[in-house]
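Notes follow once the structure below has been shown.
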Amino acid sequence: MNNLKLKSMLETFYIEDIGDEDLSSTYLFPETAVGEMNLVAKMAGVFCGQQIIEECSSVIDHATEVICHVKDGAPICEGQIIATLKGSVQSLLKSERVMLNLIQRMSGISTATHEVVEEIEGTATKICDTRKTMPGLRMLDKYAVRIGGGFNHRFGLYDAVMLKDNHLAFAGSIKNAVHTVREAIGHTVKIEVEIETEQALREAVEAQADIIMFDNCTPAEIKKWRQVVPASIITEASGMITKETVRDYAHAGVDYISLGYLTHSVKAFDISANLSILESIS
């Protein structure tokens, strides 16, 4: 992850959450109160968020001591202590919510990704994400997919071309769309074309697209149509693919399967923060 970008993001998040001050902690605990906070997993899965814990603590209070017992990508079980933080009670409580929100989401994504990657184990297909991420959290969402064993699709509209139905309708044909864009972009940028029919597939092959996405196609259709795609063109399947059907799509022979649900429908991983006072409050 880009550490400078991460710090800037966290500062924005904490400004939103804390505002002028933490009314609950500031008026209940004196500045001298020292505590220890354990982050505890309430379920089993794959952890993601070590850097978040460290940077969240640092943004609020550089003096906070952080010990991460689990590294990103490691399996965790219910009841396991993920990290221990020691420092000012006020600081620990200020940092808690934002920290938990982020690592719960990221660990949920890494766990879901790991589960679907296991479903296609033994095949040559790779699992990747989409742009269906939470606005403002794309860097974190996509990082969590990688930690879960997946791969990243394009990060935005700026790093790859994807020609969908609306683009193709305006251009008049796949050939026109690919030719027009290729004449304008740099040689390092790949062009992906989304197809739903065999005719469109053949047009995309003839236009020499770099990547062809089989969108909302069945495994049987993909397996049949895949035969007309030369090895030089990367293939991808997407649309309505679930954990239960993903292996069928992998067996259809595509190089990648992109799954929007990994990030747009993520279930937060259950993690709690347990605080104990280490020094008496005067």
Side-chain angles (χ1 to χ4, degrees), residues 1-43 45-111 133-144 146-147 266 268-282:
M1 285 190 289
N2 184 322
N3 199 50
L4 289 175
K5 186 177 179 180
L6 176 59
K7 288 182 177 180
S8 178
M9 290 168 58
L10 294 177
E11 287 175 356
T12 300
F13 297 160
Y14 277 117
I15 288 172
E16 174 190 60
D17 195 40
I18 298 173
D20 293 327
E21 61 180 330
D22 175 2
L23 296 177
S24 305
S25 303
T26 300
Y27 296 111
L28 183 60
F29 299 99
E31 293 182 357
T32 55
V34 176
E36 181 177 271
M37 186 165 69
N38 286 321
L39 304 183
V40 183
K42 304 298 289 295
M43 58 191 295
V46 175
F47 173 68
C48 182
Q50 179 179 350
Q51 192 174 350
I52 300 299
I53 296 171
E54 294 169 348
E55 293 299 335
C56 281
S57 301
S58 178
V59 166
I60 295 300
D61 189 344
H62 286 288
T64 301
E65 299 176 17
V66 180
I67 301 175
C68 288
H69 306 293
V70 181
K71 294 183 178 181
D72 286 349
I76 48 179
C77 59
E78 182 178 354
Q80 185 172 351
I81 297 177
I82 296 170
T84 300
L85 296 80
K86 181 180 178 181
S88 161
V89 172
Q90 289 189 14
S91 297
L92 293 175
L93 292 175
K94 286 178 183 177
S95 68
E96 172 194 3
R97 187 70 269 156
V98 169
M99 182 189 301
L100 284 178
N101 286 349
L102 293 177
I103 66 173
Q104 285 179 314
R105 178 179 176 83
M106 293 171 70
S107 295
I109 292 172
S110 61
T111 297
T133 58
M134 181 64 68
L137 297 180
R138 182 164 296 170
M139 180 178 74
L140 306 186
D141 283 2
K142 284 182 170 284
Y143 173 78
R146 296 198 303 274
I147 290 301
V266 58
F269 193 90
D270 195 359
I271 301 172
S272 64
N274 300 331
L275 177 69
S276 57
I277 306 300
L278 298 180
E279 297 183 10
S280 58
I281 302 173
S282 58

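What's counted below: heavy atoms across the whole structure, side chains too, no hydrogens, waters or symmetry copies. Counting from 1, the numbers follow the sequence of the chain as shown. In this text, all values refer to a predicted model and were calculated from it rather than measured experimentally.
The side chain to side chain donor-acceptor pair (under 3.5 Å) test applied to Ser25 returns Asp22, not counting sequence neighbours. Scored by the side chain to side chain donor-acceptor pair (under 3.5 Å) test, Lys94 finds no partners at all (sequence neighbours excluded). When the side chain to side chain contact (heavy atoms under 4.5 Å, CB included) test is applied to Leu23, the partners found at least two apart in sequence or on another chain are Glu21, Tyr27.
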Kindly list each side-chain donor-acceptor pair under 3.5 angstrom involving residues 84-92, sequence neighbours excluded, with atom names and distances?
from, atom 1, to, atom 2, distance (Å)
Thr84, OG1, Asn38, OD1, 2.7
Thr84, OG1, His69, NE2, 2.8
Ser88, OG, Gln90, N, 3.3
Ser88, OG, Ser91, N, 3.3
Gln90, NE2, Phe29, O, 2.6
Ser91, OG, Asp61, OD2, 2.8

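Within the 3.5 Å criterion, the main-chain N or O of Ile103 finds a donor-acceptor partner in the side chain of Ser107.
The distance from atom CD1 of Ile18 to atom CD1 of Ile60, rounded to the nearest 0.5 Å, is 3.5 Å. Note that CD of Gln104 and CG of Asp270 are 6.5 Å apart. Values are rounded to the nearest 0.5 Å. Note that NZ of Lys142 and OG1 of Thr133 are 7.0 Å apart. Values are rounded to the nearest 0.5 Å.
Applying the side-chain hydrogen bond (donor to acceptor under 3.5 Å, both in side chains) test to every pair with at least one member in residues 1-18, sequence neighbours left out, gives these pairs: Asn3-Gln51. Sorted by first and then second residue, the salt bridge (Lys or Arg N to Asp or Glu O under 4.0 Å) pairs with a member in residues 96-108 read Arg105-Asp141; sequence neighbours excluded.
For the pair Leu6/Ile52, a side-chain contact is recorded, criterion being any heavy-atom separation below 4.5 Å from C-beta on. Within the 4.5 Å cutoff, no side-chain heavy atoms of Met134 are placed close to those of Val266. Taking the side chain as every heavy atom from C-beta outward, Phe269 and Ile76 approach each other to under 4.5 Å.
In this structure, Ile67 places its CD1 atom where only 12 or fewer heavy-atom neighbours from other residues, nucleotides or ligands lie under 6.0 Å away.
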